[in-house]
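Below you'll find the structure, written out as structure tokens, and then a few comments.
In what follows, every chain begins at residue 1, and chains take the letters A, B, ... in the order their sequences are listed. Below, all heavy atoms of this structure are taken into account, side chains as well, without hydrogens, waters or symmetry copies.
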There are 2 protein chains.
Amino acid sequence: MDSHQQTRTRAPRVTAAMVAAKAGVSTATVSLVANGKTQGRVSEENISRVRTAIAELGYVVDSIGSSLARGVSSIVILVTPDVSNPFFANVIAGVRESLGAQYQLLLSVTDAGESPQADDVRKLLALRPAGLLVGAPSAEFLEDLSAGGPLVLLDAPGLDSWAPSVNLDVAQGARELARHLASSGHTRAAYVDGITGTETFKLRREAFLEEASRCGLTVSADHIISTSIDVGEAAAAFAEAWPSWQREGVTAVVCGTDTHAYGVLQEARVEGIRIPEEVAVAGFDDLPYSATSNPSLTSVHLPATDLGRKAGEQLRALMEGLALTEAHVTLESSLVVRGSTVPA
Amino acid sequence: MDSHQQTRTRAPRVTAAMVAAKAGVSTATVSLVANGKTQGRVSEENISRVRTAIAELGYVVDSIGSSLARGVSSIVILVTPDVSNPFFANVIAGVRESLGAQYQLLLSVTDAGESPQADDVRKLLALRPAGLLVGAPSAEFLEDLSAGGPLVLLDAPGLDSWAPSVNLDVAQGARELARHLASSGHTRAAYVDGITGTETFKLRREAFLEEASRCGLTVSADHIISTSIDVGEAAAAFAEAWPSWQREGVTAVVCGTDTHAYGVLQEARVEGIRIPEEVAVAGFDDLPYSATSNPSLTSVHLPATDLGRKAGEQLRALMEGLALTEAHVTLESSLVVRGSTVPA
DNA sequence: CTGAAAGCGCTTACAG
DNA sequence: CTGAAAGCGCTTACAG
């Protein structure tokens with residue numbers, strides 16, 4: 001059994017030359033048939049001979065050879081800053097859906113929350129991707145990327161000048177959230193931010209803070225903290241900050257992501273802090289679990305699947321050489337109010 | 001600005017020939033230096049000339065050309081049946097961690113819960129991956145894959161004869177769960193299974209059922225249902241089944257994944273069914289959210305990150321031509337008891 | 001409609 | 001230590 005494993009040998013590769021020999025044609029003809037470019041260039045006779053040979057030998061065009069000849073591969077690279085955030089699972093599903101089967105999706109992820117570096121970019125580009133999808137990028141990253149081909153940005157507010165983009169209007173939901181809290185009677189709130197400097201986090205925070213101050217909800221500078229996107233870290237950070245926040249009259253905590261909010265909920269449970277009576281909690285993303293958390297979590301809903309789907313569509317158009325009718329698309333966000341901000 | 005986007009041109013590719021010309025050497029020498037194979041084959045003089053030229057031109061070995069010449073790419077493909085399950089985010093993180101920077105991780109996902117087909121396999125193999133990591137595969141899939149090179153299976157119970165593997169001992173946790181419920185006084189339970197025919201689901205179910213019957217916890221055949229791994233679908237399935245289950249004395253519901261369990265929790269809340277008083281609920285996976293759900297969820301903890309990390313290590317050894325000291329590794333699972341099965 | 005040939009960028013015996 | 005050359009598998013003008 002072990003020898004079965006150790007001696008795994010690659011089956012002899014079936015090449016276009018083998019198909020050509022079997023069908024009695026040239027490799028040029030095999031290539032034409034395999035790629036469906038026979039229109040007025042290959043006789044019916046030869047088409048069927050080649051098809052038969054392909055089927056019998058189980059031939060598949062080698063993508064390495066093909067990529068080298070064409071100058072581009074069939075790989076689409078999706079660069080995301082953080083796969084561990086379940087938000088991305090939905091983005092990925094959307095991308096796959098719209099990209100179709102002819103492109104291979106390569107997920108490139110950096111370590112949790114870190115932005116990819118210039119060196120990573122080069123390695124990605126060395127794969128000769130057919131297209132690039134970049135989520136929540138930094139401006140430097142885009143600078144490094146400047147040499148690329150088809151490129152679509154996802155969730156890249158303020159970076160529209162670099163490339164076509166699909167964005168989320170997080171500000172709208174953030175403002176709704178501020179108004180919701182203010183109208184629920186809160187006058188002092190704290191903010192738990194993501195630690196990565198991604199634009200969307202900044203936008204969420206700034207839109208919230210601006211609208212908050214407009215409606216009489218105060219968030220003082222030392223009531224803003226940040227942690228990585230991790231339940232445990234958020235819990236710890238909240239644990240440390242809460243005593244003084246409470247002393248200083250904070251009655252609402254807004255988190256940059258639902259994951260941060262789960263940490264706050266967890267710590268609150270451990271410490272016996274009542275939610276929403278003692279402190280209201282809200283997040284961004286509206287992850288699937290926010291409906292079942294304890295209590296259920298008020299959150300700004302972001303359409304992750306749509307984001308991925310639309311970005312895939314745009315990229316596909318670009319890769320096919322089409323002009324985009326709309327280079328910049330914005331998807332709406334909206335507040336979902338649940339038990340963490342409203343007493344049952 | 002739009003024209004900036006439309007006219008994006010690929011920067012002229014820097015080739016080994018350009019580096020060679022600049023350094024005054026042959027491309028063979030450039031290749032040797034770029035790949036660090038200079039040991040006793042290139043003079044110090046030439047090494048530094050080439051290094052300088054590489055740095056000045058920003059040369060990166062083209063992975064397509066390189067792959068074609070070597071016969072294998074630097075891509076590692078991770079085939080997973082379902083990215084939307086957050087469990088995989090951790091598996092992926094573990095794989096990335098142990099695989100290192102020299103391999104590119106390509107995530108290949110099929111549509112939710114569907115097994116990849118023979119045709120998909122061929123497309124994957126056409127990329128000439130350096131290695132393959134296959135999660136929760138079916139036997140047919142492995143059959144199709146038989147031609148491959150380095151391969152490690154993840155979470156593939158019962159398929160050890162195909163390739164080296166890293167498995168989870170889910171049975172152990174499943175038995176613990178059965179004993180926990182029986183000792184809490186339950187005598188009738190129902191089971192909500194995953195709809196995909198993956199071995200791990202079968203193993204979870206069978207180990208649970210076996211131990212349950214051993215300790216006097218009855219699970220009749222018509223109290224076993226299955227849905228896809230989706231909160232909403234699980235909720236709907238539970239909603240439909242619960243009235244008769246309740247009538248027939250069921251007081252505990254065990255779910256094949258935590259995601260299924262979230263659906264049950266959600267429906268229970270909607271219907272005002274008290275948990276754990278009226279019905280106890282438990283799952284498998286121990287996702288991060290299970291600690292904060294309402295109520296918190298009793299679950300069989302599975303070490304996702306370790307699974308990915310260990311599988312990456314094994315594959316790496318294989319790709320480097322090393323023999324594995326242990327071809328089959330099993331990681332332990334354990335029950336985490338929380339509020340969904342024990343009254344506060 | 002068809003095939004011989006060049007070329008994509010690189011690696012690796014091989015001869016020197 | 002070095003470079004000319006063959007070859008990886010495919011695609012695409014090009015000549016017929």
Side-chain angles (χ1 to χ4, degrees), chain A residues 10-50 53-54 57-75 122-123 125-128 130 149, chain B residues 10-50 53-54 57-75 122-123 125-128 130 149:
Chain A
R10 291 171 185 279
R13 183 168 295 282
V14 178
T15 66
M18 295 166 66
V19 174
K22 178 149 197 155
V25 300
S26 69
T27 58
T29 301
V30 172
S31 175
L32 258 14
V33 174
N35 290 296
K37 296 183 180 171
T38 56
Q39 193 69 282
R41 324 233 250 126
V42 184
S43 64
E44 285 302 328
E45 165 74 19
N46 276 348
I47 290 179
S48 74
R49 294 167 73 96
V50 171
I54 285 178
L57 296 173
Y59 172 70
V60 177
V61 176
D62 181 80
S63 74
I64 299 290
S66 174
S67 300
L68 188 58
R70 289 185 206 265
V72 64
S73 75
S74 62
I75 291 176
R122 286 197 184 139
K123 279 195 185 150
L125 261 22
L127 291 173
R128 306 247 202 136
Chain B
R10 291 172 186 278
R13 182 168 295 282
V14 178
T15 66
M18 293 165 67
V19 174
K22 177 148 197 156
V25 300
S26 70
T27 59
T29 301
V30 171
S31 176
L32 259 13
V33 173
N35 290 296
K37 296 182 180 171
T38 55
Q39 194 67 284
R41 325 233 250 123
V42 183
S43 64
E44 284 304 327
E45 165 75 20
N46 276 348
I47 291 179
S48 75
R49 294 168 73 95
V50 171
I54 285 178
L57 296 173
Y59 172 70
V60 177
V61 176
D62 181 79
S63 75
I64 300 291
S66 173
S67 300
L68 188 58
R70 290 185 206 263
V72 64
S73 75
S74 61
I75 291 176
R122 286 196 185 140
K123 280 195 185 149
L125 261 22
L127 290 173
R128 307 248 201 135

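- B/Val61 comes within 4.0 angstrom of the backbone, heavy atoms only, and of no base.
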Checklist outcome for this item: For DNA chain C, the dot-bracket notation using Watson-Crick and G-U wobble pairs below 3.5 Å, [ ] for pseudoknot-type crossings and | for other-strand pairs, is |||.||||||||.|||
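- For DNA chain C, the span of nucleotides reached by chain B at under 4.0 Å from its heavy atoms goes, 5' to 3', from C/dG9 to C/dT12.
- For A/Ala21, there are no side chain to side chain contact (heavy atoms under 4.5 Å, CB included) partners two or more places apart in sequence or in a different chain.
- B/Asn46 pairs by the side-chain hydrogen bond (donor to acceptor under 3.5 Å, both in side chains) definition with nothing, not counting sequence neighbours.
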When the side chains of residues 22-37 of chain A are checked against the rest of the protein, which donor-acceptor pairs come out under 3.5 Å, sequence neighbours left out?
residue: A/Lys22; atom: NZ; partner: A/Glu56; partner atom: OE1; Å: 3.3
residue: A/Ser26; atom: OG; partner: A/Ala28; partner atom: N; Å: 3.4
residue: A/Ser26; atom: OG; partner: A/Thr29; partner atom: N; Å: 3.3
residue: A/Ser26; atom: OG; partner: A/Thr29; partner atom: OG1; Å: 3.4
residue: A/Ser31; atom: OG; partner: A/Asn35; partner atom: ND2; Å: 3.4
residue: A/Asn35; atom: OD1; partner: A/Arg70; partner atom: NH2; Å: 3.1
residue: A/Asn35; atom: ND2; partner: A/Ser31; partner atom: O; Å: 2.8

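- Taken from CD1 in A/Ile64 to CD1 in B/Ile64, the straight-line distance is 5.0 Å, to the nearest 0.5 Å.
- Side-chain contact between B/Glu44 and B/Thr38: absent, with no pair of heavy atoms (C-beta onward) separated by less than 4.5 Å.
- Place B/Leu32 and B/Gly65 on DNA chain C by their nearest nucleotides, and B/Gly65 ends up nearer the 5' end.
- Residues from residues 38-48 of chain B with heavy atoms under 4.0 angstrom of DNA chain D, sorted by number: B/Gly40, B/Arg41, B/Val42, B/Ser43, B/Asn46.
- At distances below 3.5 Å, at least one donor-acceptor pair connects side-chain atoms of B/Arg128 with backbone N or O atoms of B/Gly71.
- By the salt bridge (Lys or Arg N to Asp or Glu O under 4.0 Å) test, B/Glu45 pairs with B/Arg49, sequence neighbours left out.
- Nucleic acid contact for B/Ala16: sugar-phosphate only, since backbone atoms but no base atoms lie under 4.0 Å from a heavy atom of the residue.
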